[in-house]
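The structure under discussion is supplied below as structure tokens; questions concerning it will follow.
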Amino acid sequence: ARCGAGGGGGGSPGPSPLTGSPPQALVDDTEDVSLDFGSEEELALRKAKIRHPLATFFHLFFRVSAIITYLFCDWFSNSFVACFVTILLLLSFDFWSVKNVTGRLLVGLRWWNQIDEDGKSHWVFEAKRVPTIAASTEAEARIFWLGLIICPVIWTMFFFSTLFSLKLKWLALVIAGISLQTANLYGYIHCKVGGQKSISRVTSRFFVTADVPKRQTRRISGGHIEVHGKTGTR
């Protein structure tokens with residue numbers, strides 16, 4: 001027998017007795033939703049542990065070894081020349097590795113000096129503006145800057161202790177340590193600060209350039225045309 005018009009056999013199903021919403025809402029809730037985990041993965045990589053263990057090790061090895069050798073060189077050898085040469089070599093290796101390798105890998109900074117065709121000397125400071133997957137982690141950056149700042153402070157303390165104790169034969173070595181490590185510190189601070197200044201300078205220049213057509217449009221609409229400069233000669 002057929003159901004009557006008031007029956008539920010032939011019509012569309014009514015709202016759910018529990019939720020009061022049509023079944024179509026349940027279908028919408030079960031649709032697949034694409035989630036973007038790219039930023040979370042990049043943040044996890046940034047907060048990961050040491051990703052460049054060899055560079056991090058040698059960033060601290062040479063400078064810490066130079067300090068330890070300076071403090072305990074009398075225990076290892078009675079020869080002043082041997083201690084002097086060993087510490088100077090460690091300081092030189094540290095200067096080269098920090099300037100050319102560890103700064104680029106751990107914080108994405110680099111500085112150097114170049115001479116142009118006219119024989120003039122130019123200092124170049126570079127900084128990575130766009131972070132990449134191979135960027136350094138926060139732990140590596142912290143180790144880099146702590147080692148870069150603390151060790152010159154220690155050599156400055158050695159300078160005053162050597163001066164006050166009248167151990168003048170070590171004074172030249174201590175000055176060499178301060179000079180080499182302060183040069184790297186100055187270079188990388190200039191890279192960090194100079195990179196931020198250059199970004200702000202480029203941004204301000206972009207807004208000034210974008211504002212020029214608007215001002216020209218307002219001047220033309222007002223019936224005035226201004227010439228800011230002339231090129232060429234007659």
Side-chain angles (χ1 to χ4, degrees), residues 52 54-56 58-63 65-67 84-136 140-141 143-156 158-159 170-216 226-234:
H52 303 91
L54 195 61
T56 306
F58 281 106
H59 177 71
L60 298 175
F61 173 75
F62 291 120
R63 53 184 52 213
S65 298
I67 293 174
F84 189 95
V85 172
T86 301
I87 297 171
L88 191 60
L89 286 175
L90 289 173
L91 290 172
S92 302
F93 292 155
D94 170 73
F95 178 81
W96 184 89
S97 63
V98 172
K99 177 181 177 295
N100 297 298
V101 180
T102 62
R104 179 174 53 86
L105 293 178
L106 299 183
V107 290
L109 303 175
R110 185 175 61 169
W111 68 274
W112 74 93
N113 179 269
Q114 65 181 11
I115 300 175
D116 59 8
E117 297 177 354
D118 298 332
K120 296 181 180 179
S121 178
H122 299 278
W123 293 95
V124 183
F125 304 93
E126 287 187 350
K128 284 185 178 180
R129 298 181 180 180
V130 180
T132 59
I133 284 296
S136 61
E140 290 175 340
I143 291 173
F144 177 85
W145 288 109
L146 286 177
L148 202 67
I149 295 172
I150 292 176
C151 291
V153 174
I154 295 175
W155 282 104
T156 304
F158 289 163
F159 172 79
W170 294 101
L171 196 59
L173 180 63
V174 173
I175 292 175
I178 295 174
S179 302
L180 291 174
Q181 298 200 354
T182 304
N184 264 329
L185 178 61
Y186 171 79
Y188 282 114
I189 289 178
H190 206 292
C191 289
K192 189 73 173 177
V193 177
Q196 294 176 355
K197 287 184 178 180
S198 63
I199 292 174
S200 62
R201 191 161 49 245
V202 170
T203 305
S204 61
R205 189 180 304 168
F206 170 77
F207 284 114
V208 170
T209 306
D211 190 50
V212 168
K214 296 180 181 179
R215 288 184 291 179
Q216 290 179 351
E226 298 180 3
V227 179
H228 295 281
K230 296 181 180 179
T231 57
T233 58
R234 292 184 180 180

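For reference, positions follow the sequence shown, starting with 1.
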For side chain to side chain contact (heavy atoms under 4.5 Å, CB included), just list the numbers for L148 and I150, CA-CA rounded to whole Å, side-chain angles, deciding distance to a tenth of an Å, and then say yes or no. CA-CA 6 Å; L148 202 67; I150 292 176; over 6 Å; no

Pairwise side-chain contact, L109 with R104, heavy-atom cut-off 4.5 Å (strictly under): no

Rounded distance (nearest 0.5 Å) linking atom OG1 of T56 with atom CG of L105: 8.5 Å

Is it true that a side-chain atom of H59 and a backbone atom of F144 form a donor plus acceptor pair closer than 3.5 Å? yes

Go through the steps for Y188 and W145 under the test side chain to side chain contact (heavy atoms under 4.5 Å, CB included), then give the verdict. CA-CA 9 Å; Y188 282 114; W145 288 109; 3.9 Å; yes

So does D118 get a backbone contact from the side chain of D116, meaning a donor-acceptor N/O pair under 3.5 Å?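 A pair under 3.5 Å: yes.
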
T102 OG1 to F58 CZ distance, which is reported to the nearest 0.5 Å: 11.5 Å

Can you tell if the side chain of V193 reaches within under 4.5 Å of the side chain of F125, non-hydrogen atoms only? no

To the nearest 0.5 angstrom, please state how far the OG atom of S97 sits from the CG atom of N184. 8.0 Å

Please round to the nearest 0.5 Å and tell me the distance separating atom OG1 of T86 and atom CG of L91.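 Going from OG1 on T86 over to CG on L91, the span is 11.0 Å.
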
For W123, give me all partners under ring pair (Phe, Tyr, Trp, His ring centres under 6.0 Å), at least two apart in sequence or on another chain.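 For W123 the ring pair (Phe, Tyr, Trp, His ring centres under 6.0 Å) partners, ignoring immediate neighbours, are W111.
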
Locate the shortest heavy-atom distance separating I87 from A66; write the atom from each residue and the value.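 Shortest heavy-atom contact: CG2-O, 4.2 Å.
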
Checking the side chain of D94 only, and the main-chain atoms of F62 only, is there a donor and an acceptor separated by less than 3.5 Å?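 Not confirmed, D94 side chain does not pair with F62 backbone.
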
Check: E140 side chain, H52 main-chain N or O, donor-acceptor pair, under 3.5 Å: yes

Ring centre gap for W96 and F93 strictly below 6.0 Å: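 For W96 and F93, the ring centres are not under 6.0 Å apart.
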
Applying side chain to side chain contact (heavy atoms under 4.5 Å, CB included) to I143 and L106, what does each step give before you reach the verdict? CA-CA 9 Å; I143 291 173; L106 299 183; 5.8 Å; no

Rounded distance [0.5 Å steps], CG in L90 versus CZ in R63: 12.0 Å

Where is the tightest heavy-atom contact between V174 and F158, given as atom of each residue plus distance? CG1-C, 4.0 Å

What's the spacing between W170 CH2 and L173 CG if we round to 0.5 Å? 6.5 Å

Could you go through the side chain to side chain contact (heavy atoms under 4.5 Å, CB included) check for W112 and K99 one step at a time? CA-CA 8 Å; W112 74 93; K99 177 181 177 295; 3.8 Å; yes

What residues form a ring pair (Phe, Tyr, Trp, His ring centres under 6.0 Å) with F84, not counting sequence neighbours? F80

Between P152 and L185, what is the shortest heavy-atom contact and its length?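 Nearest pair, atom of P152 first, then L185: CG-CD2, 4.5 Å.
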
Search all heavy atoms of S92 against all heavy atoms of L180 and return the closest pair with its distance. N-CD1, 4.3 Å

Quick check: closest heavy atoms across F95 and A183, and the distance to 0.1 Å?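 Minimum heavy-atom contact is CE1-CB, 4.0 Å.
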
